[in-house]
There are 2 protein chains.
Amino acid sequence: MKETLSSISQRLGISTATISRVLSGNAKKYRISEKTAAIVTAEASRCHYIPSLAAQSLRTNKTKTIGLLMPKLSNPYFADISSAIISEANSKGYTAIIADTMENVEVQKDCISALLSRKVDGIIAAPCGNDSKIFKEINARIAPVVLIDRYFEDATISYVTSNNYKGAFDATSLLINNGHKNIVCIQGDEASLPNKKRVGGYLDALSTAGLQDNARILGNAFSIQNGYLETKLLLSSSSNRPSAIFALSYTILLGVIKAIKEASLVIPDDISIISFDDNISLDYMTPSISRVGQPTEEMGQLAAKMLFNKLNDNDTNELVSHIELSTELLIRKSVIKNNGADEDKDKDKNEDK
Amino acid sequence: MKETLSSISQRLGISTATISRVLSGNAKKYRISEKTAAIVTAEASRCHYIPSLAAQSLRTNKTKTIGLLMPKLSNPYFADISSAIISEANSKGYTAIIADTMENVEVQKDCISALLSRKVDGIIAAPCGNDSKIFKEINARIAPVVLIDRYFEDATISYVTSNNYKGAFDATSLLINNGHKNIVCIQGDEASLPNKKRVGGYLDALSTAGLQDNARILGNAFSIQNGYLETKLLLSSSSNRPSAIFALSYTILLGVIKAIKEASLVIPDDISIISFDDNISLDYMTPSISRVGQPTEEMGQLAAKMLFNKLNDNDTNELVSHIELSTELLIRKSVIKNNGADEDKDKDKNEDK
DNA sequence: ATATTTAGAACAAACGTTTGAGCAAAAATA
DNA sequence: TATTTTTGCTCAAACGTTTGTTCTAAATAT
């Protein structure tokens with residue numbers, strides 16, 4: 001029933017060594033005659049031989065498996081990325097095992113142990129927390145690591161991310177070009193690098209327009225809750241209501257929308273909104289939400305390709321690449337011209353001083 | 001550097017057999033003295049021994065791995081289910097490898113081969129297509145299979161699904177109780193069992209209210225496109241415009257919303273809407289969308305538990321269980337009382353005849 | 001004709017576990 | 001005391017590959 005090298009070997013009268021070499025494509029390298037090779041391949045496919053991965057792994061110390069460390073698979077952003085990575089891996093004969101850290105550093109540790117005990121050949125991770133040590137350690141001594149979305153600034157680990165800075169710059173600029181001067185930014189996890197970059201883009205866009213004094217950055221988590229509470233708070237003080245809000249993630253945006261609705265304000269008439277992250281549902285909201293889209297599919301594919309490069313090129317194994325993919329500004333209906341509220345702005349400005 | 005049974009064996013002067021038995025928790029079963037057991041466990045944890053999964057698999061023919069066959073990981077519904085399964089698996093010491101069939105029967109075949117060549121201990125699948133043969137075959141002769149969401153009606157393979165019939169019945173009843181008599185149902189893949197059940201619930205709810213003659217079932221795919229086109233078509237003929245639409249999935253719903261917006265109609269004033277599938281974004285639409293939620297997390301957990309039961313209980317290995325979990329009617333703002341359009345209804349009815 | 005190279009393949013040793021069988025010493029029984 | 005049972009462990013064979021070494025026959029060179 002179960003075909004192995006030796007079952008074929010017996011039937012054919014050819015040694016397992018020869019069969020193994022033929023089947024792994026090393027026929028000429030070991031000068032196996034074309035005739036023998038042909039016989040072997042024919043028989044192998046005839047009896048549907050499937051090599052035992054366990055035996056191969058045991059012998060070669062390679063598992064043809066990559067580990068995927070994701071913070072939250074139920075987050076569509078990471079689901080999309082994962083999906084792309086998995087496809088790319090499968091097409092290269094690798095399989096991916098996913099670990100969901102649930103944005104918890106402790107869980108992340110367990111997940112890493114699990115992946116390592118599985119002897120994965122490499123890891124693609126969107127790390128949570130700021131401790132780069134484990135990842136550097138793994139990358140240097142155990143298995144190559146590629147970071148995705150989130151990364152560490154010291155240049156030892158490869159990563160692929162999107163141009164968070166420019167994305168945020170563009171989004172803010174869109175608001176500014178529509179006459180908005182009082183733009184609040186609701187951020188996510190302050191410690192995460194993508195968040196820092198986005199905040200940087202927001203600030204620089206304001207500065208470029210001479211509006212640096214108007215910068216207001218609120219919040220501290222990539223969650224609906226955070227978006228909701230900060231907006232609620234923001235709108236409760238009638239003194240300095242912004243004309244536009246920039247939500248730094250899809251989840252934050254949802255919270256913002258909820259709070260705005262509860263305040264009986266209308267987007268975009270009363271307040272303009274723009275967000276980071278693309279999500280199909282944003283096109284179906286009323287109004288549809290302008291946003292900065294990240295190329296999740298490309299990011300996933302690229303991360304996988306980078307990892308496979310590392311796995312194959314033993315010579316250039318110390319190549320570290322840092323790639324930033326462009327974001328895309330998706331203009332919908334949630335941003336409109338700021339209609340003559342400039343007086344308010346100036347008044348606000350004066351009040352600030 | 002790398003610890004193995006024999007490295008420990010040498011250091012301790014205890015045979016690998018004994019160490020193996022202690023570490024796999026079979027100490028008493030093989031009458032290993034408590035003293036020896038203590039020494040072994042202490043040393044194992046001291047040197048951070050990690051068993052080689054490859055060697056274990058090779059020897060035992062078990063991989064401690066389950067395969068997850070999903071139609072589309074980028075669909076939040078399946079992402080949620082997958083997430084739950086993965087967590088449950090990890091907590092039991094298993095890892096999951098995901099294969100994304102992209103709703104394509106051919107791809108599904110390849111994915112199955114891939115999973116089998118990985119020698120997964122079991123498979124949890126949301127199959128696409130209607131061919132139950134492969135799954136029965138696998139379940140009977142290779143590895144236990146548990147189906148999730150989609151299933152086959154002949155009783156040989158275990159499955160867990162939600163009560164699609166009752167969910168649809170409830171949703172339709174909500175519309176009826178709000179005075180709606182002209183309710184259109186836009187369905188997904190006609191061949192899929194969940195879809196059939198939902199349609200059944202819709203029809204029976206109408207019948208119960210004596211409205212069976214008003215039944216209208218349109219469409220044929222779980223896609224935005226399908227929801228959009230069918231609604232577009234539906235609204236273009238002004239003659240028999242429904243007062244409510246029941247979308248049989250989240251994707252269909254998005255299409256419906258788009259078409260309604262383009263027709264300059266307002267939900268729920270002009271038309272009431274209800275949908276199958278829960279998705280957080282539905283709470284943030286204007287208006288928020290009433291819907292039938294499925295307990296994705298429970299479904300995933302349960303499927304995993306069912307599979308592990310099969311993997312462990314060798315005696316009752318022929319236990320097949322079919323579980324239906326309750327759906328939840330989430331009432332929001334997209335359904336309102338049908339205000340006196342009864343004349344229209346009756347008129348429509350007459351026109352129909 | 002002898003010595004050397006080459007082609008083509010087989011041998012056998014790992015890789016790290018698990019597990020049935022076996023064996024000596026200690027304990028219990030007769 | 002002699003026999004049986006129990007206790008506590010070791011032996012060694014598998015599991016299915018890969019791969020360095022070796023071997024034989026044929027081909028080439030001297």
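Not measured: the values here are computed from a predicted model. Naming convention: chains lettered A, B, ... in sequence-line order (proteins, then strands); numbering from 1 in each chain.
Listed by residue number, G13(A), I14(A), S15(A), A17(A), T18(A), R21(A) are the residues of residues 7-23 of chain A with a heavy-atom contact under 4.0 Å to DNA chain C.
Note on K133(B) versus E137(B): no salt bridge recorded, every NZ/NE/NH1/NH2 to OD/OE distance being 4.0 Å or above.
Atom P of nucleotide dA7(C) and atom NZ of K29(A) are separated by 16 Å, given to the nearest angstrom. Regarding K62(B), its NZ atom lies at a distance of 19 Å from the C1' atom of dG16(C), rounded to whole Å. Between the CD1 atom of I39(B) and the C1' atom of dC9(D) there is a distance of 13 Å, given to the nearest Å. Atom CD of Q56(B) and atom P of dC15(C) are 17 Å apart (whole Å). Rounded to whole angstrom, the span from the OH atom of Y30(A) across to the C1' atom of dG20(D) amounts to 8 Å. Rounded to a whole Å, the CG atom of N26(A) is 10 Å from the C1' atom of dT19(D). The distance between atom CD of E34(A) and atom P of dA7(C), rounded to the nearest whole Å, is 13 Å. Spacing between atom CG of N61(A) and atom P of dT17(C) amounts to 11 Å, rounded to whole angstrom units.
No close placement of the Y159(A) and F152(A) rings is indicated, their centers lying 6.0 Å or farther apart.
Among the heavy atoms of the strands lying under 4.0 Å from L5(B) is at least one base atom, whether or not backbone atoms are also near. Residue S24(B) is out of contact with every strand shown, counting any heavy-atom pair closer than 4.0 Å. Note on S6(A): nothing from the nucleic acid sits closer than 4.0 angstrom, heavy atoms only.
Nearest-nucleotide positions on DNA chain C place I32(A) closer to the 5' end than the other of A55(A) and I32(A). Both L58(B) and R31(B) sit near DNA chain C, but only L58(B) has its closest nucleotide nearer the 5' end.
Checked against dG16(D), dG20(D), dA9(C), the side chain of K2(A) finds its nearest nucleotide in dG16(D).
Note on S33(B): a side-chain N or O is less than 4.0 Å away from OP1 or OP2 of dC9(D). Here S52(B) does not reach the OP1 or OP2 of dC15(C): none of its side-chain N or O atoms lies under 4.0 Å away.
Rounding to the nearest 0.5 angstrom, the gap separating the CZ atom in F78(B) from the CD1 atom in I85(B) is 10.5 Å.
Residue pairs meeting the ring-ring contact (aromatic ring centres under 6.0 Å, His included) criterion with at least one partner in residues 23-70 of chain A, sequence neighbours excluded, do not occur; the list is empty.
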Intermediate values then yes/no, side-chain hydrogen bond (donor to acceptor under 3.5 Å, both in side chains), E3(A) and S7(A): CA-CA 6 Å; E3(A) 293 292 349; S7(A) 74; 2.6 Å; yes
Could you please spell out the steps behind the side chain to side chain contact (heavy atoms under 4.5 Å, CB included) verdict for S82(B) and I98(B)? CA-CA 8 Å; S82(B) 301; I98(B) 298 194; 4.3 Å; yes
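Within the 4.5 Å cutoff, side-chain heavy atoms of R150(B) are placed close to those of C128(B).
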